[in-house]
Protein chains: 2
Amino acid sequence: MADIKHFDPDATLETVVRLFWKQGVAATGVQDVVNATGLNRSSLYSTYGGKQQLYLAALNRYVTVRSQPVFQQLAEDERGLPAIADFFRGLISARTSGEHARWGCLVSNAHAGAESNDQEVRAVLDRHHQELCHALRSALETARREGQLTDAADPASGAELLALLAYGVNVRSRAGGDARSLRRTVDAALDSLRAPG
Amino acid sequence: MADIKHFDPDATLETVVRLFWKQGVAATGVQDVVNATGLNRSSLYSTYGGKQQLYLAALNRYVTVRSQPVFQQLAEDERGLPAIADFFRGLISARTSGEHARWGCLVSNAHAGAESNDQEVRAVLDRHHQELCHALRSALETARREGQLTDAADPASGAELLALLAYGVNVRSRAGGDARSLRRTVDAALDSLRAPG
DNA sequence: GCTATCTTGAAACGTGCGTTTCAAGATAGC
DNA sequence: GCTATCTTGAAACGCACGTTTCAAGATAGC
């Protein structure tokens with residue numbers, strides 16, 4: 001029978017994610033992928049297809065591995081506003097320090113590129129947005145039950161507001177926006193939703 | 001003496017702005033610029049330098065011609081919160097309908113690209129951010145004087161919040177975020193700053 | 001261990017990129 | 001109108017891109 005693959009496609013895809021994430025899709029050539037993964041072009045193309053399909057696979061992996069676990073944790077957190085505050089603290093920390101500092105968010109970055117016109121890419125971005133909003137809404141509804149919100153605050157539109165704020169954090173952090181300023185901004189947003197007293 | 005240019009460099013640059021804005025920098029080739037402007041490569045290179053310098057010039061023109069007038073109008077508007085509401089109404093309208101629908105914002109898009117690592121590009125993005133924040137802060141301070149704000153709202157951090165929100169609008173609108181949802185989100189943000197009664 | 005089947009390595013594919021070149025064309029001063 | 005000087009047109013530059021090809025190598029069933 002046939003030979004088997006001499007590499008781990010999943011581990012390889014993780015390497016590709018980091019390339020596209022850090023450098024951007026357009027600035028990352030197939031040669032870069034070959035260099036970083038150690039794969040041969042034959043293996044690359046027979047496994048993933050071409051560059052566009054590789055990008056789509058990387059984008060999906062990013063959402064599944066990076067975004068969704070954080071969203072789920074937020075949605076299941078029973079603390080309400082403190083859960084949201086922690087979510088943003090973690091976000092800003094990841095965006096401004098450590099290994100991925102100034103990389104932004106692969107999904108947010110994808111919005112700005114020419115790839116966002118691609119139908120399949122667009123679907124991933126929409127799914128990501130919906131899941132982010134859903135998690136934030138869950139946390140806000142918990143906060144409402146706990147009496148943490150002002151009467152005026154609506155969980156649905158509040159969730160979309162915080163989602164757009166997260167995109168803003170992702171965008172500005174990639175261009176060097178500092179953590180202190182971002183944290184202060186997020187705190188102001190949460191304060192504006194908080195019940196007096 | 002010498003010959004003079006047979007074209008208007010400023011009008012040409014406006015054409016280039018629209019190319020980079022709509023398609024993205026990476027997806028726009030020099031050939032696209034040649035086709036759209038009718039210029040010869042010789043004239044292009046002798047006037048602007050290379051592609052990177054052309055992009056920088058376009059980015060500067062965008063900020064000067066598109067952003068700054070709107071910022072200035074906002075800063076000088078004496079109505080307070082209604083001025084901010086109009087600012088966002090105009091933004092969302094421009095981003096979701098008409099000629100530039102789904103183009104996003106050239107500056108926001110630049111944040112996500114590999115160009116945001118360029119020092120000169122970064123400087124333009126920082127200047128844009130600072131000017132946007134300043135205009136929003138002026139309007140918020142007017143609102144404060146008019147008694148339109150809650151006591152908890154701080155003009156400085158409120159301005160940064162609204163600025164990040166604007167980036168969020170720019171990002172999501174490029175990927176097809178609908179106007180109604182964006183308007184609802186912005187209204188929620190402004191409601192959260194508004195004084196009760 | 002033979003063989004069918006898939007994977008891998010290395011090279012080359014054609015295309016389009018950003019950039020340069022330079023002769024021909026156009027202008028303004030004398 | 002001659003000339004010095006800049007602009008323009010057209011072609012070519014070398015290079016890197018994404019992709020394809022195919023023989024050599026590796027595997028699992030018989």
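- Centroid-to-centroid, the aromatic rings of B:Phe71 and B:His134 stay 6.0 Å apart or farther.
- The main-chain N or O of B:Gly113 is found under 3.5 Å from a side-chain atom of B:Ser116 such that the two form a donor-acceptor pair.
- Residues from residues 2-11 of chain A placing a heavy atom under 4.0 Å of any atom in DNA chain C, listed by number, are A:Ala2, A:Asp3, A:Ile4, A:Lys5, A:His6, A:Phe7.
- Counting only Watson-Crick or G-U wobble pairs whose defining distances are both under 3.5 Å, the stems of 3 or more consecutive pairs in DNA chain C are C:1-30 with D:1-30.
- Taking a 4.0 Å limit (strictly below) on heavy-atom distances, residues 28-37 of chain B does not reach DNA chain D anywhere.
- Atom CZ of B:Arg183 sits about 11.0 Å away from atom CG of B:Leu91, to the nearest 0.5 Å.
- When the side-chain nitrogen and oxygen atoms of B:Ser43 are compared with OP1 and OP2 of D:dT7, none of them lie within a distance under 4.0 Å.
- Comment: B:Arg172 engages A:Asp126 in a salt bridge, judged by a side-chain N to carboxylate O separation of less than 4.0 angstrom.
- Partner of A:Phe20 under the ring pair (Phe, Tyr, Trp, His ring centres under 6.0 Å) criterion, out of A:Tyr55, A:Trp103, A:Tyr62: A:Tyr55 alone.
- A salt bridge links A:Arg66 to A:Glu14: one of the charged nitrogens lies within less than 4.0 Å of a carboxylate oxygen.
- Of the N and O atoms on the side chains of A:Glu160 and B:Ser181, at least one donor lies less than 3.5 Å from an acceptor on the other residue.
- Comparing C:dA12, C:dT8, C:dT20 by their closest approach to the side chain of A:Arg41 singles out C:dA12.
- Using a 4.0 Å cutoff on non-hydrogen atoms, no part of residues 46-62 of chain B comes near DNA chain D.
- Distance check, rounded to the nearest 0.5 Å: CZ of A:Arg194 to CG of A:Asp187 gives 8.0 Å.
- Hydrophobic clustering keeps A:Leu56 apart from A:Val65 (ILVMFWY residues linked when any side-chain heavy atoms are closer than 4.5 Å, directly or through intermediates).
- A donor-acceptor contact under 3.5 Å is formed by the side chain of B:Ser42 with the base of C:dT21.
- With B:Arg102 contributing its side chain and B:Arg174 its backbone, the two residues share no donor-acceptor pair below 3.5 Å.
- Near DNA chain D, defined here as any heavy-atom distance below 4.0 Å, there are no residues from residues 16-24 of chain B.
- Other residues, nucleotides and ligands contribute more than 12 heavy atoms inside 6.0 Å of the CD atom of B:Gln31.
- Residues A:Thr142 and A:Arg145 bring a donor and an acceptor atom of their side chains to less than 3.5 Å of each other.
- By the ring pair (Phe, Tyr, Trp, His ring centres under 6.0 Å) test, A:Tyr167 pairs with A:His111, A:His129, sequence neighbours left out.
- Atom pair B:Leu39:CG and C:dT19:C1' shows a separation of 16 Å (rounding to whole Å applied).
- With B:Arg79 contributing its side chain and B:Ala143 its backbone, the two residues share no donor-acceptor pair below 3.5 Å.
- Atom CG of B:Asn40 is separated from atom P of D:dT7 by 13 Å (rounded to the nearest Å).
- Here the side chain of B:Asp118 pairs no donor or acceptor atom with the backbone of B:Glu115 at under 3.5 angstrom.
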